[in-house]
Enquirer: 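One structure coming up, written as structure tokens, with questions to follow.
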Amino acid sequence: FVTGNVNPIYFGDDFQFQDPDVKLTGIEDYARGVKKLFSEDSRAQIISCEVNKAIPNTITVTWRLSGGVNIGPGLQIKPYICYTDLTVDE
């Protein structure tokens, strides 16, 4: 989630990422962007991983993200919670 090290075989060609500032398609573009953005001391910790009962074929992962970002001279970010919805093909 913060290293950019992903195995593309686990993601469909239609992988999408969107947050308030970025929207992209493709796991490799996502991985390159994450690797550039987060510093080596960054970490992601899984808090929970649950089948989403409201959205069919979806697993929702809750993360705690912390560390640094490579913006300007480098900034430390306070830990924050984020959510990822993973769609599972049938």
Enquirer: Can you tell if the side chain of Ile59 reaches within under 4.5 Å of the side chain of Val88, non-hydrogen atoms only?
Expert: yes
Enquirer: Only one of Val51, Asn52, Asn57 passes side-chain contact (heavy atoms from CB on, under 4.5 Å) with Ile55; say which it is.
Expert: Asn52
Enquirer: Going through the distances and angles, do Val22 and Phe17 end up as a side chain to side chain contact (heavy atoms under 4.5 Å, CB included)?
Expert: CA-CA 8 Å; Val22 176; Phe17 173 82; 4.2 Å; yes
Enquirer: Any chance you could measure Gln76, atom CD, to Ser42, atom OG, to the nearest 0.5 Å?
Expert: 7.0 Å
Enquirer: Using the test side-chain hydrogen bond (donor to acceptor under 3.5 Å, both in side chains), find all partners of Gln16 that sit at least two apart in sequence or belong to another chain.
Expert: none
Enquirer: Which pairs with one or both residues in residues 42-61 pass salt bridge (charged side-chain N to carboxylate O under 4.0 Å, His left out), sequence neighbours excluded?
Expert: none
Enquirer: Does anything in residues 79-88 form a side chain to side chain donor-acceptor pair (under 3.5 Å)? List the pairs, not counting sequence neighbours.
Expert: Thr60-Asp85, Trp63-Thr84
Enquirer: Got a sec, which residues hit side-chain hydrogen bond (donor to acceptor under 3.5 Å, both in side chains) with Thr58, two or more places apart in sequence or on another chain?
Expert: none
Enquirer: Side-chain heavy atoms nearer than 4.5 Å, only ILVMFWY residues, links allowed to pass through others: does that put Leu86 and Tyr10 together?
Expert: yes
Enquirer: Find out if a path of hydrophobic residues (ILVMFWY) with successive side-chain heavy-atom gaps under 4.5 Å connects Leu37 to Leu24.
Expert: yes
Enquirer: For the residue pair Leu65 and Ala44, what are the closest heavy atoms and their distance?
Expert: CD1-CB, 4.0 Å
Enquirer: Test Ile81 against Ile47 for side chain to side chain contact (heavy atoms under 4.5 Å, CB included), laying out the working first.
Expert: CA-CA 9 Å; Ile81 304 296; Ile47 296 170; 3.3 Å; yes
Enquirer: Please name all residues satisfying ring-ring contact (aromatic ring centres under 6.0 Å, His included) with Phe38, sequence neighbours left out, ordered by chain then number.
Expert: none
Enquirer: So, do Leu75 and Asn70 sit near enough that their side-chain heavy atoms are less than 4.5 Å apart?
Expert: no
Enquirer: Is there a continuous path of hydrophobic side-chain contacts, each under 4.5 Å between heavy atoms, that joins Ile77 to Val2?
Expert: yes
Enquirer: Which pairs, with at least one residue in residues 11-31 and sequence neighbours excluded, count as a salt bridge (charged side-chain N to carboxylate O under 4.0 Å, His left out)?
Expert: Asp29-Arg32
Enquirer: Would you name the heavy atoms of Gly68 and Asp41 that are closest together and state the gap between them?
Expert: N-OD1, 3.3 Å
